[in-house]
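Per chain, numbering begins at 1; letters A, B, ... match sequence-line order. From a predicted model like this one, the values you see are computed outputs, not experimental measurements.
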Amino acid sequence: MTPSFAERLIAWHASHGRHDLPWQVSDPYRVWLSEIMLQQTQVTTVLSYYARFLERFPDVAALAAAPQDDVLALWSGLGYYSRARNLHAAARMVMERFGGTFPRDPAALAELPGIGRSTAAAVAAFSFAVRTPILDGNVKRVLTRWAGIDGFPGERAVEQRLWRLAAELLPADAAAMPAYTQAQMDLGATVCTPRKPACMACPLADDCAARREGRQHELPTPKPKKTVPERSTVMLLIADDAGRLLLEQRPPTGIWGGLWSLPEVPTTLEAEAAARTRFGLEIDPGAAGAELVHVFTHFRLTITPLPARVSGHAPVLRESAGRWFSRAEALAAGIPTPLRKLLARA
DNA sequence: AAATCGGGGCC
DNA sequence: GGCCCAGATTT
């Protein structure tokens with residue numbers, strides 16, 4: 001009798017899986033934090049952020065008690081800043097609704113902001129050995145290949161089929177859930193990789209549909225692609241006599257939500273008027289610096305940096321709309337990556 | 001169902 | 001330059 005899907009994965013994980021990751025613990029706070037950081041972010045990138053974050057916020061109570069700016073500052077550079085805002089909000093909900101103790105029910109976990117079905121399942125499986133399936137990018141890749149499932153996994157029908165299959169393949173023994181869940185992630189990350197999968201090292205190769213049909217490189221079916229729009233903006237580097245820069249906090253939602261960034265105008269022509277109306281500052285713009293291209297998933301942003309010196313005050317002074325940051329203060333704050341690059345230039 | 005959210009690693 | 005990554009939320 002050949003071992004089951006789950007049995008083979010667990011046996012493979014025991015000898016070939018990753019066992020040294022810092023979030024491989026049963027503390028739901030640490031598991032949750034790692035899962036959020038690992039959403040769309042690779043393990044090697046997360047490691048240093050995770051250590052720094054835990055040092056500053058060792059438990060959910062410490063995180064809940066912190067100001068949002070502190071949380072965003074530690075998140076700066078990781079991207080998808082709604083993750084940080086949701087993390088903070090969820091910490092406060094855990095304190096208020098659950099007295100600081102994470103629920104073990106995946107459905108309850110999924111009601112916390114930033115925790116979807118798969119992340120909730122991962123937290124429950126790792127922390128409490130709940131018998132519930134995950135379906136992240138790794139698992140989607142493993143399952144579409146092993147079962148030979150065609151169609152983009154982002155489509156509802158395909159995704160539903162994958163969830164059903166993931167549930168059917170769960171190990172019988174709930175105690176095996178932490179190892180089984182980790183095994184799926186590790187197999188996807190180290191063997192069943194997007195390019196050049198190491199099928200010779202795969203415990204599922206014997207009955208893998210994609211391997212049998214030579215379709216490893218066709219599955220999962222890629223997302224239909226579209227052309228990305230181009231956008232441009234001018235970022236004002238307004239400096240005072242002390243050389244400090246004027247930053248403003250971005251709206252809580254949207255791109256770089258809640259982060260501190262440079263004031264922006266559509267074109268250099270609007271710079272002086274914007275400084276006057278928004279901040280009550282008279283400025284003397286210099287020559288525009290070299291353009292900086294920043295690529296997002298869904299558009300390309302060309303940034304023109306425009307340095308300017310404060311030359312006086314308008315009748316109505318509104319510096320409260322912004323805040324003066326020294327270079328060191330700016331680098332320590334929650335700022336988007338392009339600003340970090342601009343600060344590194346001079 | 002599609003769009004919105006970033007940034008880094010990798011080929 | 002394109003694709004990928006331990007996705008969730010909004011529209």
Side-chain angles (χ1 to χ4, degrees), chain A residues 17-18 21 23-24 30-50 72 75-87 89-90 109-126 133-142 151-160 162-163 166 178 181-190 192-197 217 220-229 231 250-259 261 293-301 334-341:
Chain A
R18 297 177 292 192
L21 298 172
W23 44 82
Q24 290 175 337
R30 295 180 177 231
V31 173
W32 166 57
L33 174 63
S34 73
E35 290 299 329
I36 301 302
M37 285 189 167
L38 287 161
Q39 286 168 3
Q40 306 300 305
T41 307
Q42 292 177 356
V43 168
T44 53
T45 303
V46 164
L47 283 169
S48 61
Y49 281 87
Y50 180 79
L72 286 173
W75 206 270
S76 177
L78 264 186
Y80 280 110
Y81 298 98
S82 63
R83 292 188 296 175
R85 296 192 302 273
N86 286 333
L87 188 82
L109 286 167
E111 290 184 18
L112 295 169
I115 303 186
R117 182 175 173 184
S118 188
T119 299
V123 173
F126 284 132
I134 62 168
L135 189 62
D136 59 27
N138 284 318
V139 178
K140 285 176 179 174
R141 190 167 56 254
V142 171
F152 174 55
E155 292 176 16
R156 259 182 62 82
V158 177
E159 183 162 6
Q160 285 184 358
L162 289 169
W163 274 113
T181 304
Q182 187 66 49
Q184 292 181 95
M185 294 174 171
D186 289 355
L187 190 78
T190 65
C192 195
T193 51
R195 289 175 303 278
K196 299 200 299 182
H217 302 281
T221 303
K223 177 190 182 75
K225 64 175 180 180
K226 53 185 190 306
T227 62
V228 299
R231 300 185 199 173
R250 300 183 60 90
T253 59
I255 184 171
W256 299 325
L259 270 65
S261 191
V293 176
H294 192 71
V295 181
F296 295 91
T297 311
H298 48 303
F299 65 93
R300 175 191 310 272
L301 182 65
I335 60 174
T337 289
L339 176 52
R340 214 167 275 284
K341 289 179 179 172

How many Å lie between CZ on A:R231 and C1' on B:dG6, as a whole number? 13 Å
Considering only side-chain heavy atoms of A:N86, which listed nucleotide, C:dT9, C:dC4, B:dG7, is closest? C:dT9
Walking DNA chain B from its 5' end, the first of A:T253 and A:R156 to be reached, judged by nearest nucleotide, is A:R156
For A:Q40 and for A:T45, locate the closest nucleotide of DNA chain B by heavy-atom distance; then report the residue assigned to the nucleotide nearer the 5' terminus. A:Q40
Taking 4.0 Å as the cut-off, does a side-chain nitrogen or oxygen of A:H294 come that near to OP1 or OP2 on B:dG6? no
Quickly work out the A:H217 NE2 to B:dC11 C1' distance and round it to whole Å. 14 Å
Starting at atom NZ of A:K223, determine the distance to atom P of B:dA1, rounded to an integer number of angstrom. 13 Å
Heavy-atom contacts under 4.0 Å between residues 76-84 of chain A and DNA chain B, which residues? A:G77, A:L78, A:G79, A:Y80, A:Y81
Counting the atoms with a prime plus P, OP1 and OP2 as sugar-phosphate, which does A:L87 contact under 4.0 Å by heavy atoms, base, sugar-phosphate, or nothing? nothing
Could you tell me whether A:Q182 contacts a base, only the sugar-phosphate backbone, or nothing, with contacts defined as non-hydrogen atoms closer than 4.0 Å? base
Need one value for A:V43: base, sugar-phosphate or nothing, where a base atom within 4.0 Å counts as base even if backbone is also close, heavy atoms only. base
Between C:dG2 atom P and A:H298 atom NE2, what is the distance in whole Å? 16 Å
Between B:dT4 (P) and A:L301 (CG): distance, integer Å: 14 Å
To the nearest 0.5 angstrom, please state how far the CD1 atom of A:I36 sits from the CD1 atom of A:I115. 5.5 Å
Please state whether the phosphate of C:dG1, meaning OP1 or OP2, lies under 4.0 angstrom from any side-chain nitrogen or oxygen of A:R300. yes
Hey, is the side chain of A:S118 poking within less than 4.0 Å of OP1 or OP2 on C:dA8, counting only N and O atoms? no
Taking only side-chain nitrogens and oxygens of A:T337, does any of them come within less than 4.0 Å of OP1 or OP2 of B:dG7? yes
How far does the P atom of B:dG8 sit from the matching atom of C:dA8, given to the nearest Å? 22 Å
Looking for any heavy atom pair under 4.0 Å, which part of the strands does A:I36 touch: base, sugar-phosphate only, or nothing? nothing
With rounding to the closest Å, how many angstrom separate the C1' atoms on B:dG6 and C:dC3? 15 Å
Look at the side-chain N and O atoms of A:R195 and state whether any lies under 4.0 Å from the OP1 or OP2 oxygen of B:dC11. no
What heavy-atom pair brings A:G154 and A:E159 nearest, and what distance separates the two atoms? O-OE1, 4.3 Å
With sugar-phosphate meaning primed atoms plus P, OP1 and OP2, does A:G254 contact a base, only sugar-phosphate, or nothing at under 4.0 Å between heavy atoms? sugar-phosphate
Could you report the tightest heavy-atom contact between A:Q39 and A:R83, atom names first, then the distance? O-NH1, 2.6 Å
side-chain N/O A:Q42 vs B:dG9 OP1/OP2, d < 4.0 Å: no
Report the distance from atom CZ of A:F126 to atom P of C:dA6, rounded to the nearest whole Å. 12 Å
side-chain contact (heavy atoms from CB on, under 4.5 Å) partners for A:L38, two or more places apart: A:W23, A:S34, A:V43, A:V46
Rounded to whole Å, how long is the line connecting atom CG of A:L38 with atom C1' of C:dA6? 5 Å
Gap between atom CH2 of A:W256 and atom OG1 of A:T337 - 0.5 Å precision: 8.5 Å
Report the distance from atom NZ of A:K140 to atom P of C:dG7, rounded to the nearest whole Å. 8 Å
Select one nucleotide: of C:dA8, C:dT9, C:dA6, the one nearest the side-chain heavy atoms of A:M185. C:dA6
Heavy-atom nearest pair, A:S261 first then A:R250, reads CB-CD, 3.9 Å
With heavy-atom distances below 4.5 Å as the criterion, would you say the side chains of A:W75 and A:L87 are in contact? yes
What is the nucleic acid contact for A:W23, judged by heavy atoms within less than 4.0 Å: base, sugar-phosphate only, or nothing? base
Can you tell me if A:W75 touches the phosphate of B:dG6, counting only side-chain N or O atoms and a distance under 4.0 Å to OP1 or OP2? no
Between A:P222 and A:P113, the residue closer to the 5' end of DNA chain C by nearest nucleotide is A:P222
Against the side chain of A:P338, the closest entry in C:dA6, B:dG7, C:dA8 is B:dG7
Looking only at heavy atoms, what is the nearest atom pair of A:E35 and A:V123, with distance? CG-CG2, 4.3 Å
With sequence neighbours left out, write down each residue that passes side-chain contact (heavy atoms from CB on, under 4.5 Å) with A:T190, or none if nothing qualifies. A:W12
